[in-house]
Amino acid sequence: MAPLRGRYRCGRSGNKPRASSRGARTRRDRVVGARRSGIDSVSEPAFHLAEDPLVKERLDKARKLAARGVDPFGRRFDGAEAIAAVRARCPEDSAEGTVPPPARAAGRIMRLRDHGKVVFLDLADRTGTIQVYLRRDDIGAEAFEVVRLLDLGDHLGVEGAVKKTHKGEISIFAARVVFLGKALLPIPEKWHGLKDVELRYRHRYVDLFANPGVRDGFVRRAAILRDIRSYLEARGFLEVETPMMHAIAGGAAARPFVTHLHALDMPLFLRVAPELYLKRLLVGGLERVFELNRNFRNEGMSPRHNPEFTMLEVYQAYADYEEMMTLTEGLVADAAARHAGGLKIRYQGREIDFTPPFRRARYRELFAEAAGFALDDRARVEARAKELEVWEAAAPFEKVVNAVFETLVEPTLVQPTFVCDFPRALCPLAKARADDPEVAERFELIVSRMELANAFTELNDPVDQEARFRAQVASRDEEAPGEVDYDYVRALAHGMPPAGGLGVGIDRLVMLLTDAPSIKDVILFPFLRRQGAGEA
RNA sequence: GGGGGCGUAGCUCAGCGGAAGAGCAGUGGCCUUUUAAGCCAUUGGUCGAAGGUUCGAUUCCUUCCGCCCUCACCA
């Protein structure tokens, strides 16, 4: 899309120097070819929406404003109070005769009721909405002509007394109005808002101002992230940032996105996990670190999966997965208490109780309970896998076990449950239990059938780690790294303190705490397939 | 990738073989306390796209595009 800056012209012709018309042509050339034919005058800048009659109407109003000396796209407006604060200045019991203090506010016009020489409008800012009462005799005939050029969606600044109308509505009785910006496109229907889910995601900027509650959801998301940071900082953790672009995609079993660094002519991967870098920092002596940032996985999309998603990873030296369970409970329970109204929340009509301690159950036992036989009963596991149509001949036995587990057990786990002690073969970065070398000290926290967190006692034996990396690479699994990360092995060889590590899916946590059915509802701009070129 | 559903005006939605509709928004008019303001008049459509069946297709069929649900995938 062509840049907005400098597009608007108030006059038709005669005031354009040659250089400017050349500029206009350059901008126009960037506009989609099919649209060009519709514009025949160089002095009229191209605007790809200008064929829409509703847009034309509003462009015309913008010109009329400019002709009156009003900048249709406005300027800085100082001293505006939050509308919520303005409302608070009008006490419920304020007497009719009291002289209220003047207020100054700015916002977007969401409703407009025109009564001829009087106009009521509802002005919304980030904090709320307030009615503005505009009377021609109060603001003057000249300013009232500007009011007549207002549309729903425009931005406006107002100044005036705050008091109730005869009908009891707290209102700004405007003494002065300042035009702050034209909206060329109409706002959605006033009663139903923007309901089409595709448009809500594609045009989130509209969703945010048109649908009540959407903004609040994202404000809550920000508050949850802020509190997670302070929870961890209060316990001595240091927030760090590690590379998003990796030469070797390690730290999780996932297919990576591939990119390319031109300067060195080398392929790079967007990270699937920051894990290996964070553990290098444990070697470096930072001891307690966390990173709260994006991961990228080139895999399926669903109501619980976005190609880029936000992950919290935490590493604590001298701890183990038991310690990580306690930390997870604290983080999650604290977030629920502060941002979901209590430890017992409602998610999609079901109550979920985050009161610690969460249920702890062993993988092996959950499996036996659900399947009716032990997970090392090869014949029966394979038979059941075939029944469930999750059988893969090429897969190692533990993967088959896990496929059965995920089909039979995960869907039953609604209340927060730590599933503990996974088969070691599923956990190439985790340390085995001292009392059982076949089992890794690892847990997954399942809530509402979703994996919310994943943690283990970190493997810090460089010899064992290298062997496991080699086995992974040899498996040629497309989710395994393509090569061994020898630098990571080298880091371990310098001595990594025993440690617990934790990953928490932040989008999913926010889904639970804001009762959002889809991950797209908690990501401002979720990934959507692109539409045809030139589509608005 | 498989299965199911959806796509009609800027927005919210009807219509589903026989002349494309409503409400809101917009436009013109009346109205100096309305709040889903009201009243009168009125503009606006490649019915997602392309093919096919039919005398006739928004409607039935096929393919494609996009979204949602679901399964698979996601240690």
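All values reported here derive from a predicted model rather than from experimental measurement. Within every chain, numbering begins at 1; the chains are lettered A, B, ... in the order of the sequence lines, protein sequences first and strands thereafter.
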Chemist: Which part of the nucleic acid, if any, lies within reach of A:Lys56 when heavy atoms closer than 4.0 Å are counted: base, sugar-phosphate only, or nothing?
Modeler: nothing
Chemist: Quick one: label A:Leu199 by what it contacts on the DNA or RNA (base, sugar-phosphate, nothing), any heavy atom closer than 4.0 Å.
Modeler: sugar-phosphate
Chemist: Apply ring-ring contact (aromatic ring centres under 6.0 Å, His included) to A:Phe422 and list each qualifying residue two or more places apart in sequence or on a separate chain.
Modeler: A:Tyr363
Chemist: Taking only heavy atoms on the protein side, list every residue of residues 105-122 of chain A lying under 4.0 Å from any atom of RNA chain B, sorted numerically.
Modeler: A:Arg113, A:Asp114, A:His115, A:Gly116, A:Lys117, A:Val118, A:Phe120
Chemist: Just jot down the side chain to side chain donor-acceptor pair (under 3.5 Å) partners of A:Tyr201, sequence neighbours excluded, or say none.
Modeler: A:Asp521
Chemist: What residues form a side chain to side chain donor-acceptor pair (under 3.5 Å) with A:Arg442, not counting sequence neighbours?
Modeler: A:Glu444, A:Asn454
Chemist: Determine, for A:Asp376 against A:Arg364, whether the closest basic-nitrogen to carboxylate-oxygen distance falls under 4.0 angstrom.
Modeler: yes
Chemist: Whole-Å distance between B:rG10 P and A:Trp191 CH2?
Modeler: 24 Å
Chemist: List for me each residue that meets ring-ring contact (aromatic ring centres under 6.0 Å, His included) alongside A:His246, sequence neighbours excluded, and say none if there are none.
Modeler: A:Tyr277
Chemist: Of the residues in residues 129-147 of chain A, which ones touch RNA chain B at a heavy-atom distance under 4.0 Å?
Modeler: A:Gln131, A:Tyr133, A:Arg135, A:Asp137
Chemist: Mind checking ring-ring contact (aromatic ring centres under 6.0 Å, His included) for A:His115 and listing every partner two or more places apart, or none if nothing turns up?
Modeler: A:Phe120
Chemist: Suppose we screen for side chain to side chain donor-acceptor pair (under 3.5 Å). Which residues come up paired with A:Arg215, at least two apart in sequence or across chains?
Modeler: none
Chemist: Taking side-chain contact (heavy atoms from CB on, under 4.5 Å) as the definition, give me every residue that meets it alongside A:Ala432, ordered by chain and number, with sequence neighbours left out.
Modeler: A:Arg424
Chemist: Which atom pairs link the protein and nucleotides 6-8 of chain B when you take only N or O atoms and keep those under 3.5 Å?
Modeler:
none

Chemist: Detail all sub-3.5 Å separations between protein N/O atoms and N/O atoms belonging to nucleotides 26-28 of chain B.
Modeler:
residue: B:rU27; atom: OP1; partner: A:Lys61; partner atom: NZ; Å: 2.4

Chemist: Check whether NZ of the Lys or CZ of the Arg A:Arg384 lies under 6.0 Å from the centre of the six-membered ring of A:Phe373 and within 45 degrees of that ring's axis.
Modeler: no
Chemist: Name every residue in residues 291-306 of chain A that has at least one heavy atom under 4.0 Å from any atom of RNA chain B, in order of residue number, or write none if there are no such residues.
Modeler: A:Glu299, A:Gly300, A:Pro303, A:His305
